[in-house]
Amino acid sequence: GSRPDGLAGPEGGGRVLGLFAGITEYGARGNLYGCADDARLLAEAFMGSHLQQKSDHVLLTDAQVTRDAFLGGARTLVAQARPEDVVVIFYSGHGGQVARTPTSLGELDAFDETLILSDGAVRDDELAEALAGLRAGTLIVALDSCNSGGFARDLIDRPGRMGLFSSDEDVLSDTAEPRQAGGYLSWYLRRGVLGEADARPSDGVLMAGELSDYLYDGFVRDHTLMNPEGSSDPAQRLIVERGSLAWGHVLWAYPRSATGQRILMPDLALTSLPPR
């Protein structure tokens, strides 16, 4: 059938813009496993799927992921994005909690959640402020870090926004050595972007519900990897906040050949290096 006007991706008038950040090398703070590779491989997945060109995203890894660079990258997307675009904000690395500021009135547990970057932390309300003027029709925020679910209150607060978080706001997120990835959300998200999530039906158009269902299925499959039997730690689970986005909300369309057939997605090397 026909594609909706303004659809993001190569078969529509919209673009998929991204900010991809990941930190493996923290030094004294404690290195992680493969989180910088999560950001790089997600960027490669979007380009390999012909949804982005290199100029359509900002990629930051390790020491590059400073407060200024990360928040500046978000503000750049705000300045660039049009209503027909999809914007993806992705982070893989350490996360945490700090006492909320007096203006963070929406934090019922008295804590702000943070992303711990190379030179300091970014609070949830700081990222929300940086994205406040975004005009893109769809925003996807995917955070693979401890306590990341707490960002939902600040970011998924208006139409057109979808949040994917690797754990609840009071729960830690595990690294994904069994999957050779920094995090389980990162692993399944990039595979989903490469076309695996487009399955209900497999028609070359990815919907918000297809992506969230695919991620849910992956977290169920790997539940015992994240939560070993006999552990007394709080269980890690995927948090999805689709906000106003219905299950059938179209995110983007994958390319098709001149004869209308879907082009096969590339077989990218989905591996991640351990910290040195």
Side-chain angles (χ1 to χ4, degrees), residues 19-43 58-74 89-101 107 109-127 141-152 154 164-190 219 222-228 230-239 270-276:
L19 170 60
F20 308 125
I23 305 177
T24 297
E25 301 284 350
Y26 277 95
R29 289 192 180 108
N31 289 344
L32 291 174
Y33 178 97
C35 294
D37 294 289
D38 286 344
R40 176 181 59 81
L41 288 171
L42 184 60
V58 175
L59 173 62
L60 303 171
T61 59
D62 290 326
Q64 298 173 335
V65 193
T66 63
R67 281 177 43 84
D68 285 348
F70 185 77
L71 292 174
I89 304 289
F90 171 82
Y91 170 78
S92 178
H94 277 307
Q97 289 182 311
V98 295
R100 70 172 176 83
T101 63
E107 299 291 351
D109 61 355
F111 291 101
D112 279 336
E113 280 67 47
T114 64
L115 307 178
I116 302 175
L117 308 187
S118 65
D119 65 344
V122 165
R123 294 173 181 258
D124 44 17
D125 47 7
E126 288 182 295
L127 181 55
V141 180
L143 305 179
D144 202 338
S145 55
C146 295
N147 311 112
S148 55
F151 276 77
D154 295 86
L164 309 171
F165 308 106
S166 60
S167 60
D168 290 280
E169 63 184 320
D170 58 349
V171 176
L172 304 182
S173 293
D174 201 3
T175 50
E177 285 89 341
R179 292 294 187 188
Q180 291 188 291
Y184 291 94
L185 173 58
S186 303
W187 166 258
Y188 282 104
L189 179 59
R190 65 184 181 238
F219 267 62
D222 288 349
H223 179 78
T224 56
L225 297 178
M226 290 176 266
N227 307 290
S231 173
S232 58
D233 293 332
Q236 180 184 351
R237 65 188 180 105
L238 177 69
I239 303 298
L270 298 178
T271 59
S272 195
L273 298 176
R276 293 186 298 274

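Numbers for residues simply follow the sequence, beginning at 1. The basis for the numbers below is simple: all heavy atoms, side chains too, and nothing from hydrogens, waters or symmetry mates.
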- Heavy-atom nearest pair, Leu19 first then Phe70, reads CD2-O, 3.5 Å

- Per the side chain to side chain contact (heavy atoms under 4.5 Å, CB included) rule, which among Leu60, Asp62, Thr66 passes with Ser118? Thr66

- How far does OG of Ser92 sit from CG of Leu115, to the nearest 0.5 angstrom? 10.5 Å

- Note on the structure: Here the gap from Asn31 atom CG to Thr175 atom OG1, rounded to the nearest 0.5 Å, amounts to 12.0 Å

- Message: If I take atom CD from residue Glu177 and atom CG from residue Leu225, how far apart are they, to the nearest 0.5 angstrom?
- Response: 10.5 Å

- In Å and rounded to the nearest 0.5 Å, what is the CZ to CE distance from Arg237 to Met226? 12.0 Å

- Query: Is the backbone N or O of Glu113 less than 3.5 Å from a side-chain atom of Asn147, with the two atoms forming a donor-acceptor pair by type?
  - Reply: no

- Give the minimum heavy-atom separation between Ala152 and Phe165, together with the two atoms involved. CB-CE1, 3.6 Å

- Aromatic ring pairing Tyr188/Phe219, orientation class (parallel under 30°, perpendicular over 60°, tilted between): tilted

- Task: Return the set of residues passing ring-ring contact (aromatic ring centres under 6.0 Å, His included) with Phe20 (not counting sequence neighbours), or none when no residue passes.
- Result: Phe46, His57

- Message: So, using side-chain hydrogen bond (donor to acceptor under 3.5 Å, both in side chains) as the criterion, who are the partners of Ser186 when residues are at least two apart?
- Response: Asp38, Asp144

- Query: Do the side chain of Thr24 and the main chain of Cys35 share a donor and acceptor less than 3.5 angstrom apart?
  - Reply: yes

- Are any non-hydrogen side-chain atoms of Leu185 and Leu238 less than 4.5 angstrom apart? yes

- Roughly how far, to the nearest 0.5 Å, is the CD atom of Glu169 from the CG atom of Asp112? 10.5 Å

- Which atoms form the tightest heavy-atom contact between Asn227 and Gln236, and what is the distance? OD1-N, 2.7 Å

- Of the non-hydrogen atoms in Ser145 and Ser166, which two are nearest, and what is the gap between them? N-OG, 3.0 Å

- Task: Have a look at Val122 and tell me which of Val65, Thr114, Leu71 forms a side chain to side chain contact (heavy atoms under 4.5 Å, CB included) with it.
- Result: Leu71

- Task: Please test Leu172 against Asp233 for side chain to side chain contact (heavy atoms under 4.5 Å, CB included), starting from the C-alpha separation and ending with a verdict.
- Result: CA-CA 9 Å; Leu172 304 182; Asp233 293 332; over 6 Å; no

- What heavy-atom pair brings Ser167 and Ser173 nearest, and what distance separates the two atoms? OG-OG, 2.8 Å

- Non-hydrogen side-chain atoms of Tyr91 and Leu117 separated by less than 4.5 Å: yes

- Query: Mind checking what makes side-chain hydrogen bond (donor to acceptor under 3.5 Å, both in side chains) contact with Asp119, not counting sequence neighbours?
  - Reply: none

- Message: Treating His94 as the side-chain partner and Gly30 as the backbone partner, does any N or O pair qualify as donor plus acceptor under 3.5 Å?
- Response: yes

- Rounded to the nearest 0.5 Å, how far apart are CD1 of Ile239 and CZ of Phe151? 14.5 Å

- Between Arg190 and Ala181, the two heavy atoms sitting closest are NH2-CB, 3.7 Å

